[in-house]
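All remarks here apply to the structure that follows.
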There are 2 protein chains.
Amino acid sequence: MRRSSTETKAVILAAARERFAADGYDKATIRAIAADARIDPAMVMRYFGTKEKLFAAAAEFDLELPELPADQAGVGLVRHFLRKWEADEGLQVLLRTGVTNEAAAERMRTILGGQVMPLVISLTGDPERAPLRASLVASQLLGLALSRYILKFPPMVAATEEELVAWLSPTIQRYLTE
Amino acid sequence: MRRSSTETKAVILAAARERFAADGYDKATIRAIAADARIDPAMVMRYFGTKEKLFAAAAEFDLELPELPADQAGVGLVRHFLRKWEADEGLQVLLRTGVTNEAAAERMRTILGGQVMPLVISLTGDPERAPLRASLVASQLLGLALSRYILKFPPMVAATEEELVAWLSPTIQRYLTE
DNA sequence: GTGCGAAGTCAACAAGTGTTGGCCTACAAT
DNA sequence: ATTGTAGGCCAACACTTGTTGACTTCGCAC
């Protein structure tokens, strides 16, 4: 039984996302990805050309930040971030490899500048301090993901979504409005 | 000109720290470390046995958290963390590889439990919520390091120590006392 | 000077990596 | 039934990695 070209490409991409998210760029082997997709490693090269290009495709990512009332931005951002992380492997892919890979780090900077900053500007109407505000917000949210999902600090793993929202949202709110 | 055994071992360890901090465990090659130390790769093995053991030695780390008056803990912790990061490569070594290496992640959990938590307990006198409080503090401080030193978000890189202390210390203070 | 042990080098290994090119083989159109 | 083509596989390449063991050389004690 044979798969269509687009089908196979999608299967490979899904397997790649999973592996990159779980293991990071270097430890996610073309052979391992191919095995997950039940396919020969050569096919991965045929469809994506190169491991770097495969990663670029797997790291495609949109935060899909919602419009938010300014006084609930903190709560909304923390909750949205947590749900996005758990629903979409893209963020984990980027964080897992951005730490040791300049291209992935650059991608995260681009997301900060292209997706987070515009929201902060529209929320605060203050283009001057928006870059710093956006970075501070990102620092706390990425720190959350790091300690809960990557380093797995036990209290962060045990905490519920609502507890985390309650603790972190005032921080985010202050970074946006103070 | 020949070096003594202990001298050589120290030179290797210093080179290893630098490489592990800059590149992470996998990309920091025994050969690269040896070249930095102007020595044959075989010597590294002779002195440390194995790459894993060399890493364990290079990742030895003490936060050296100071005693702090409870009402200035936020300011003190942020400032101490920033200075410690810049003075000692140990933290960078751990963060750069903890993201894709379970042993290093475990080490960070140990530091959280063995060094941060005790301070939080002595600061708050509340052993019940100390684990969560300590984790929240760590999440913001590690997020800071991540965005400033690893991902290099431009506004975080440009900010001065005092600006960062001013922004982050209320957060830390609240995680400790609220 | 002669040894001898410690400090250092060299060459090679086995395993794993991304990547390539040639070869099959199923399937739909003719 | 034949055949062309697109999907798939296999074996091998060139290279890098950690690691090993045999060999060399320096410098001090006698």
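A, B, ... follow the sequence lines: proteins, then strands. Residue 1 opens every chain.
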For A:T171 and B:R174: C-alpha separation, side-chain torsions, deciding distance, then whether side chain to side chain donor-acceptor pair (under 3.5 Å) applies. CA-CA 9 Å; A:T171 299; B:R174 187 168 62 78; 2.7 Å; yes
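Within the nucleic acid shown, B:Y47 comes within 4.0 Å of sugar-phosphate atoms alone, with no base atom in reach, counting heavy atoms only.
Rounded to a whole Å, the NZ atom of A:K51 is 8 Å from the C1' atom of C:dG18. Atom P of nucleotide D:dG27 and atom CD of B:E7 are separated by 13 Å, given to the nearest angstrom. For the pair A:F48 CZ and C:dT19 P, the computed distance is 13 Å after rounding to whole Å. Rounded to an integer number of Å, the gap from CE of B:M43 to P of D:dG18 is 17 Å. Protein atom CD1 of B:I39 is 18 Å distant from nucleotide atom P of D:dT25, rounded to whole Å. Across the protein-nucleic acid pair, B:D26 atom CG and C:dT17 atom P stand 11 Å apart, rounded to whole Å.
Within the structure, every pair that satisfies the ring-ring contact (aromatic ring centres under 6.0 Å, His included) test and touches residues 18-49 of chain A, not counting sequence neighbours, is listed here: A:F20-A:Y25, A:F20-A:F55, A:Y25-A:F55.
Dashed line: the shortest gap from a side-chain N or O of A:T50 to OP1 or OP2 of C:dT19 is under 4.0 Å.
For the side chain to side chain contact (heavy atoms under 4.5 Å, CB included) test with A:I30, the passing option among A:V44, A:I12, A:T50 is A:V44; the others fail.
Distance from the side chain of B:R46 is smallest to C:dT9 among C:dT19, D:dG8, C:dT9.
Of the inter-residue distances, the one linking A:Q115 atom CD with A:L63 atom CG reads 5.0 Å to the nearest 0.5 angstrom. Residue A:R148 holds its CZ atom at 5.5 Å from CD of A:E86, rounded to the nearest 0.5 Å.
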Counting primed atoms plus P, OP1 and OP2 as sugar-phosphate and everything else as base, spell out the protein contacts along nucleotides 10-16 of chain C at 4.0 Å heavy-atom distance: B, S or - for each nucleotide, 5' to 3'. B-B----
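Within a 6.0 Å sphere centred on CD of B:E128, other residues, nucleotides and ligands contribute 12 heavy atoms or fewer.
Mapping A:T8 and B:E52 onto DNA chain D via the closest heavy atom, the residue that lands nearer the 5' end is A:T8.
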